[in-house]
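Note that this is a predicted model, so its numbers are computed, not measured. Proteins get letters first, then strands, A, B, ... in listed order; numbering begins at 1 in each.
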There are 2 protein chains.
Amino acid sequence: MNIGDVSARSGLPAKTIRYYEDIGLIKPLRSANGYRSFVAADLHKLAFLGRARALGFTIEDCRTLMALYHDESRASADVKHLAQEHLAKIEAKISDLQMMHNALTELVECCAGDDRPDCPILSDLSGISSGMT
Amino acid sequence: MNIGDVSARSGLPAKTIRYYEDIGLIKPLRSANGYRSFVAADLHKLAFLGRARALGFTIEDCRTLMALYHDESRASADVKHLAQEHLAKIEAKISDLQMMHNALTELVECCAGDDRPDCPILSDLSGISSGMT
DNA sequence: CCTTGACCTTCCTGTGACAGGAACCTCCAT
DNA sequence: ATGGAGGTTCCTGTCACAGGAAGGTCAAGG
């Protein structure tokens, strides 16, 4: 199977698949013409990677997860631990974004949004302490 | 004022301040010895940038916001519009992260986390359709 | 006067996970 | 033979800086 087919089946761009080979996540064989030649196991790995990436795991996490997947003697605790650390990072990001969202929403609600120049958003950015809690 | 003082007062790393000059966000004067020489207006701009960045605005957004701030004839609608677009992006990111969080939380909760190899997280990643809703 | 150390300068590289595109090769159908 | 759709490698760009090398500058202490 060529990269185009694999791309269509896995939903991953060909660029991404080549990149994954570059960094050693997959090792497809080569045909005589130099084309990458993918087998079912490669497809399976790519699908695994696609799902792990969709859950937000980093490439290095993916590498570890794949290693664990292929390690018959793994402990599920290791997987769970990795996932929990990842969850903590997600929660931190959500928290950051939520705080930005709250602050920005309040400012937006205070802005008239008309053709006059007065703007609480700019006032806030410029360092006016609004005094409102 | 030298970059170290400005860094301490603004809370921005010296690296960041130099970068902001590189990309034209600030234009501090130079002393005879080649050191950057910051005045109050520079400090004010950096504080503005720091707050805008803390709200998650991109550098290009910051550039626009500063231009609007210095434009006496601006319409607050323009500022509000920019902020609302940014808010929409924040909401999209939160939504993405929230979905990851939900999916991952469910998987983590189903994982025993002991020394046995069986792991629903890996099963899911490998493509097992759990059938559970 | 000399040195030490803190501060400053520029310049180059690396980050994460690819996307875009150039230049070129290969295959299949007509 | 040719045209077009695939494939290949390689280089650059993204975003907002961080890290570090190599070297210049300044004030204080011996």
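Not a single ring-ring contact (aromatic ring centres under 6.0 Å, His included) links B:His101 to another residue, sequence neighbours left out.
Put simply, CG on B:Asp22 is 11 Å from P on C:dT9, counting in whole angstrom units. Put simply, CG on B:Leu46 is 15 Å from C1' on D:dA16, counting in whole angstrom units. If you take NE2 of B:His86 and C1' of D:dC15, they are 14 Å apart, rounded to a whole angstrom. Rounded to whole angstrom, the span from the NZ atom of A:Lys93 across to the C1' atom of C:dG16 amounts to 10 Å. Atom-to-atom, CZ of B:Arg30 to C1' of C:dT9 comes out at 8 Å; the value is rounded to the nearest Å. Summarising the geometry, the separation between CD1 on A:Ile17 and C1' on D:dG7 is reported as 13 Å, rounded to the nearest angstrom. In this entry the distance linking CD1 of A:Ile23 with P of C:dT15 reads 12 Å, nearest Å. Atom CD in B:Glu21 sits roughly 15 Å away from atom C1' in D:dC17 (whole-Å rounding).
Ion pairing of A:Arg116 with A:Asp118 is absent here, as no side-chain N (NZ or NE/NH1/NH2) approaches a carboxylate O to less than 4.0 Å.
Listed by first and then second residue, the side-chain hydrogen bond (donor to acceptor under 3.5 Å, both in side chains) pairs that reach into residues 34-48 of chain A are A:Glu21-A:Arg36, sequence neighbours excluded.
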**Audit row: B:Asp61, B:Glu85, side chain to side chain contact (heavy atoms under 4.5 Å, CB included) steps and yes/no** = CA-CA 10 Å; B:Asp61 282 346; B:Glu85 286 192 334; over 6 Å; no
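Between B:Arg36 and the phosphate of C:dT9, there is a side-chain N or O to OP1/OP2 separation shorter than 4.0 Å. Taking only side-chain nitrogens and oxygens, A:Arg18 comes nearer than 4.0 Å to OP1 or OP2 of D:dT8.
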**Contact pattern, 5' to 3', of nucleotides 17-30 of chain C - B, S or - by protein heavy atom under 4.0 Å** = BBSBB----BS---
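Not one N or O on the side chain of B:Arg53 forms a donor-acceptor pair closer than 3.5 Å with the backbone of B:Cys62. Distance alone, capped at 3.5 Å, places no donor-acceptor pair between the B:Ser10 side chain and the B:Ala47 backbone.
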